[in-house]
Chemist: 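Okay, here's the structure, questions in a sec.
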Amino acid sequence: MIQNRALFQFQPFSKKQKQILTWWLPESPVSDCNGIIADGAIRSGKTVSMALSFVLFAMHNFEYKNFAMCGKTIGSFRRNVLAVLKNMLLSRGYILEEHRSDNMIEIKRNGVINYFYIFGGKDERSQDLIQGITLASVFFDEVALMPESFVNQATGRCSENGSKYWFNCNPNSPKHWFKQQWIDEAENKKLLYLHFTMNDNLSLSEEIKQRYREIYATGVFYRRYILGEWVGADGLVYPMFDEDKHIVSNTEGTGLYYISIDYGTNNPCVFLLWRLNKNTAVCVKEYYYDSHERNGCQKTDEEYYNDLEKFAEGYSIQKIIIDPSALSFKTTIKRHGKYIARDADNSVLDGIRLSATLLQSGHLYFHESCQNTIEEFGAYVWDEDSSEDEVIKEYDHAMDAMRYFVQTIMRRIIKFEGV
């Protein structure tokens, strides 16, 4: 049980954050709304004010009721929301008793007790987790990352009188189901809609705001994360790639060496050799075998393994990061016992976002000999006809191998908010 007051310094709330904190009060002109949507730029103060307001609303209006707080995963909600929320509540005299085995937090104040369950909404199966519970209200953090079925199931559980919905997210595609069915229908659904920019977060200095503008300086991520616009992903996936900036001619240097692999039989097979020094990586060389350019002559796993040994000769390889679908080739690598092979983190959009950030911020470089990889940067494009953020599956083999390394290895080393 957590009872002591936390020593935690809070910045003043902005006008829009105060709107979030007070919209449900009886004297508010919008207190009859069924819920609230807060969207917009990263680091704009949406999450902090939404989470606190949600608990204040619950404790002010209900007793001995169940509430749901949802993130993409339970772990991400604990990291991104709950840690700060606990401090804010403790500083206001609330008592928290956490039941981790049930993913539930019992919150008490002045004799009032309510129960807050944490759910993860990462895929279609997540809706099964929330079935059967009766809720007095639900809060979704980063709702645009959740499947529609999960959100529909959770909102459908809010059957207590006076229950309300709380939605928080960064923008996505204008064709996204949440944009079309909730934001565009906010008035019809009687939802309060508030749009945030970084200027609505009074704790951010101008220096930090400028740093985020530089991290997301071009393309769809700038328009979504900095301007807070619901725009489609079109054109080049990595428009920030600049041969004058990102291509190096010297292979010398110190660091740890990794190989990332996008395995293919009918499609090209790519090995990329990386040298990682602190938080900067250089792709030192590439292997690119396309059977279509060799009159359809495909290679066996053993032949690819022999090529891999020649490719890695002279380097001490920490790990080989391999396409998780390449089961037979991974088995071949492990059978030889020379290298440690690890499945890549194949989170496509997360990997693309982090790769774009590292390119923009100067943490990712390529040797001039990596010609196939360099060419793919100019041909790797978004699928403009898709309702989701998807890339066209052509000229993507070196891009996938790069993403595997970035998302699996570099993500643990370098952290950027909002990525």
Chemist: What's the separation between atom CG in D389 and atom CG in L349, rounded to the nearest 0.5 Å?
Modeler: 5.5 Å
Chemist: Using a 4.5 Å cut-off on heavy atoms from C-beta on, say whether the side chain of R224 contacts that of V231.
Modeler: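 In contact.
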Chemist: Run through Y395, Y238, Y288 and flag the one making a side chain to side chain donor-acceptor pair (under 3.5 Å) with E376.
Modeler: Y288
Chemist: Mind running side-chain contact (heavy atoms from CB on, under 4.5 Å) on M59 and Y94 for me, showing each step along the way?
Modeler: CA-CA 10 Å; M59 300 301 291; Y94 287 83; 3.8 Å; yes
Chemist: Can you tell me how far the CG atom of L276 sits from the NE2 atom of H363, to the nearest 0.5 Å?
Modeler: 11.0 Å
Chemist: Quick check: are there more than 12 heavy atoms from other residues, nucleotides or ligands sitting under 6.0 Å from NZ of K189?
Modeler: yes
Chemist: If you apply the rule side-chain contact (heavy atoms from CB on, under 4.5 Å), what do you find for D350 with Q407, and how did you get there?
Modeler: CA-CA 7 Å; D350 288 343; Q407 184 67 7; 3.6 Å; yes
Chemist: Looking at every heavy atom in both A154 and L135, which two are closest together, and how far apart are they?
Modeler: O-CD1, 3.9 Å
Chemist: Can you list the steps and then say if D200 with S14 is a side-chain hydrogen bond (donor to acceptor under 3.5 Å, both in side chains)?
Modeler: CA-CA 6 Å; D200 293 307; S14 66; 4.7 Å; no
Chemist: Between Y289 and F271, is the gap from one ring center to the other below 6.0 Å?
Modeler: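 For Y289 and F271, the ring centres are not under 6.0 Å apart.
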Chemist: First locate atom CE of M402, then atom CD1 of I321, and finally report the distance between them rounded to the nearest 0.5 Å.
Modeler: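 If I round to the nearest 0.5 Å, the distance is 15.0 Å.
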Chemist: Determine whether more than 12 heavy atoms belonging to other residues, nucleotides or ligands lie under 6.0 Å from atom CD of Q131.
Modeler: yes
Chemist: H176 side chain to A144 main-chain N or O, any donor-acceptor pair under 3.5 Å?
Modeler: yes
Chemist: Yes or no on side-chain contact (heavy atoms from CB on, under 4.5 Å) for L89 and I107, after CA distance, side-chain angles and deciding distance?
Modeler: CA-CA 9 Å; L89 293 173; I107 300 180; 3.9 Å; yes
Chemist: I need the full list of salt bridge (Lys or Arg N to Asp or Glu O under 4.0 Å) pairs touching residues 73-83, with sequence neighbours left out, sorted by first then second residue.
Modeler: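 Sorted result for residues 73-83: R78-E98.
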Chemist: Taking NZ, NE, NH1 and NH2 as the nitrogens, is one of them in E63 or K65 under 4.0 Å from a carboxylate oxygen of the other?
Modeler: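 Not counted as a salt bridge, because no side-chain N and carboxylate O are separated by less than 4.0 Å.
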Chemist: State which residues pass side-chain hydrogen bond (donor to acceptor under 3.5 Å, both in side chains) with S44; sequence neighbours excluded, sorted by chain then number.
Modeler: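 Only K46 meet the side-chain hydrogen bond (donor to acceptor under 3.5 Å, both in side chains) criterion with S44.
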Chemist: How many angstroms lie between atom CG of N170 and atom CD1 of I42, to the nearest 0.5 angstrom?
Modeler: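 Those atoms lie 7.0 Å apart.
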Chemist: Return all side-chain donor-acceptor pairs below 3.5 angstrom for residues 23-31, not counting sequence neighbours, or 'none' if the list is empty.
Modeler:
residue: W24; atom: NE1; partner: L21; partner atom: O; Å: 3.1
residue: W24; atom: NE1; partner: S53; partner atom: OG; Å: 3.0
residue: S28; atom: OG; partner: W23; partner atom: O; Å: 2.8
residue: S28; atom: OG; partner: V30; partner atom: N; Å: 3.2
residue: S31; atom: OG; partner: S28; partner atom: O; Å: 3.2

Chemist: Would you confirm whether H367, through its side chain, and S369, through its main-chain N or O, come within 3.5 Å as a donor-acceptor pair?
Modeler: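 It does hold such a pair.
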Chemist: Is there a side-chain contact between V284 and Y365 in this structure, where contact means two heavy atoms from C-beta onward sitting under 4.5 Å apart?
Modeler: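 Counting from C-beta outward, V284 and Y365 never come under 4.5 Å.
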Chemist: Just by distance, do the side chain of T408 and the backbone of F405 share a donor-acceptor pair under 3.5 Å?
Modeler: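 Checking the backbone N and O of F405 against the side chain of T408, no donor-acceptor pair under 3.5 Å is found.
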Chemist: Using the ring-ring contact (aromatic ring centres under 6.0 Å, His included) definition, which of the options F139, F140, F57 pairs with W166?
Modeler: F57
Chemist: With a 6.0 Å cut-off (strictly less than), is the heavy-atom count around CZ of R125, excluding the residue itself, greater than 12?
Modeler: no
Chemist: On a heavy-atom basis, which atom in L359 and which in M240 lie closest, and how many Å separate them?
Modeler: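 Answer, listing the atom of L359 first, then M240: CB-CG, 3.9 Å.
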Chemist: Whether the side chain of K72 engages the backbone of F77 through a donor-acceptor N/O pair (distance < 3.5 Å, no angle test) should be reported.
Modeler: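 It does not hold such a pair.
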Chemist: With ring pair (Phe, Tyr, Trp, His ring centres under 6.0 Å) as the test, would you mind laying out the steps for Y216 and Y222 before giving the verdict?
Modeler: CA-CA 5 Å; Y216 303 102; Y222 177 83; 8.8 Å; no
Chemist: For S76 and T73, which I'm curious about, is there any donor-acceptor pair between the side chains at under 3.5 Å?
Modeler: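 The answer is yes; a qualifying pair exists.
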Chemist: I would like to know whether K245 and E243 meet salt bridge (Lys or Arg N to Asp or Glu O under 4.0 Å); could you show each step before the answer?
Modeler: CA-CA 5 Å; K245 175 181 176 181; E243 291 194 22; over 6 Å; no
Chemist: Are any side-chain N or O atoms of S205 and backbone N or O atoms of I208, one a donor and one an acceptor, separated by less than 3.5 Å?
Modeler: yes
Chemist: Quick check: do I36 and L194 have side-chain heavy atoms less than 4.5 Å from each other?
Modeler: yes
Chemist: Consider only side-chain N and O atoms of E185 and N188, and report whether a donor and an acceptor are under 3.5 Å apart.
Modeler: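 A pair is found: one side chain offers a donor N or O, the other an acceptor, under 3.5 Å apart.
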Chemist: Over all heavy atoms of both residues, which pair between D400 and R403 is shortest? Give the atoms and the distance, please.
Modeler: OD1-NH2, 3.0 Å
Chemist: Between the side chain of N114 and the main-chain N/O of Y64, is any donor-acceptor distance below 3.5 Å?
Modeler: yes
Chemist: Taking only residues at least two apart or on different chains, which pairs with a member in residues 107-130 satisfy ring pair (Phe, Tyr, Trp, His ring centres under 6.0 Å)?
Modeler: F67-F116
Chemist: Between S163 and C158, is there a donor-acceptor pair closer than 3.5 Å when you use the side chain of the first and the backbone of the second?
Modeler: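 At least one qualifying donor-acceptor pair exists.
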Chemist: Donor-acceptor pair, S49 side chain versus G45 backbone, under 3.5 Å?
Modeler: yes
Chemist: With a 4.5 Å heavy-atom cut-off, do V248 and N250 have their side chains touching?
Modeler: no
Chemist: Do R211 and E214 meet the salt-bridge criterion of a basic N to acidic O distance under 4.0 Å?
Modeler: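 Not counted as a salt bridge, because no side-chain N and carboxylate O are separated by less than 4.0 Å.
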Chemist: Could you check Q318 against I340 for side-chain contact (heavy atoms from CB on, under 4.5 Å), going step by step and ending with a plain yes or no?
Modeler: CA-CA 7 Å; Q318 300 294 309; I340 298 172; over 6 Å; no
Chemist: Measuring only between side-chain heavy atoms, which start at C-beta, is S325 closer than 4.5 Å to Y263?
Modeler: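 No, every pair of side-chain atoms sits at 4.5 Å or beyond.
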Chemist: If you measure only the distance, is there a donor-acceptor pair under 3.5 Å linking the side chains of K209 and N199?
Modeler: yes
Chemist: Quick check with a 6.0 Å cut-off and a 45 degree axis cone: is K319 positioned over the face of Y339's six-membered ring?
Modeler: no
Chemist: Test of understanding: with side-chain hydrogen bond (donor to acceptor under 3.5 Å, both in side chains), list the residues that count as partners of K190, not counting sequence neighbours.
Modeler: D32
Chemist: Flag the pair D39 / F196 as yes when at least one side-chain heavy-atom distance between them is below 4.5 Å, and no otherwise.
Modeler: no
Chemist: Taking the side chain as C-beta and beyond, is there a heavy-atom pair between M88 and V55 under 4.5 Å?
Modeler: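 They are not in contact (no side-chain heavy atoms under 4.5 Å apart), so the answer is no.
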Chemist: For a 4.5 angstrom cut-off between non-hydrogen side-chain atoms, does F221 reach T357?
Modeler: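 With C-beta onward as the side chain, the pair stays apart.
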Chemist: Measuring from atom CG of N87 to atom CZ of R92, what distance do you get when rounded to the nearest 0.5 angstrom?
Modeler: 10.5 Å
Chemist: Rounded to the nearest 0.5 Å, how far does CG of D234 lie from CD of E384?
Modeler: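 Taking CD in E384 and CG in D234, the distance rounds to 5.0 Å.
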Chemist: Kindly list each side-chain donor-acceptor pair under 3.5 angstrom involving residues 253-260, sequence neighbours excluded, with atom names and distances?
Modeler:
residue: S260; atom: OG; partner: W274; partner atom: NE1; Å: 2.9
residue: S260; atom: OG; partner: A401; partner atom: O; Å: 2.9

Chemist: Side chains of T373 and E286: is there a donor and an acceptor less than 3.5 Å apart?
Modeler: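 Side-chain D/A pair, T373 to E286: present.
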Chemist: Determine whether the aromatic ring centres of F366 and H246 lie less than 6.0 Å apart.
Modeler: no
Chemist: With a 4.0 Å cut-off, would you call R223 and E229 a salt bridge?
Modeler: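 Here R223 pairs with E229 in a salt bridge, since their nearest N and O are under 4.0 Å apart.
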